[in-house]
Amino acid sequence: MNLSDLKIIVTGGAQGMGAHFAKRLLEAGASVAVGDVNEEKLAELPEGIHRRRFDVSDPDDIESFVKWAAESMG
């Protein structure tokens, strides 16, 4: 399956199922941006995944993250 036309945001994607899905989506060709509060685990994600600290409980952070993801993924 080729997902090269997709740009996907994964929240809570630094570990567990979120990280699993982010990695599989990247392998399938999608552009992937991951946000999480766990910066240590974010750093462990593979190259090619756009990653940044992100707190979904903060409305300003949500807006900032979506803007950053759009710019990062083109």
Legend entry - Reported NZ-to-NE2 distance for the pair K7 and H50, which is rounded to 0.5 angstrom: 9.5 Å

Inset, instruction - Quick one: closest heavy-atom pair of A22 and V34, and the distance? - result: CB-CG2, 3.6 Å

Legend entry - Reported CG-to-CG distance for the pair D55 and D60, which is rounded to 0.5 angstrom: 11.0 Å

Legend entry - Sub-4.5 Å side-chain heavy-atom contact between D36 and K41: no

Inset, instruction - Could you grab the distance from atom CG of N38 to atom CD of E44, nearest 0.5 Å is fine? - result: 8.0 Å

Inset, instruction - Would you mind reporting whether D61 and R52 have side-chain heavy atoms less than 4.5 Å apart? - result: yes

Legend entry - Distance, nearest 0.5 Å, that separates CD of E40 from CD of Q15: 9.5 Å

Legend entry - Distance-minimising heavy-atom pair for A30 and I8: CB-CD1, 4.0 Å

Legend entry - Within-4.5 Å side-chain heavy-atom neighbours: L3 and D5: no

Inset, instruction - Would you kindly confirm whether L45 and F21 end up in one hydrophobic cluster when ILVMFWY residues are joined by side chain heavy atoms under 4.5 Å apart? - result: no

Which donor-acceptor pairs under 3.5 Å do the side chains of residues 65-74 make with protein atoms, sequence neighbours left out?
from, atom 1, to, atom 2, distance (Å)
W68, NE1, S72, OG, 3.2
S72, OG, W68, O, 2.9

Legend entry - V37 and R53, any side-chain heavy atoms less than 4.5 Å apart: yes

Legend entry - Side-chain heavy atoms of E27 within contact of P46, under 4.5 Å: no

Legend entry - Nearest heavy atoms of E47 and L26, plus distance in Å: O-CD2, 3.6 Å

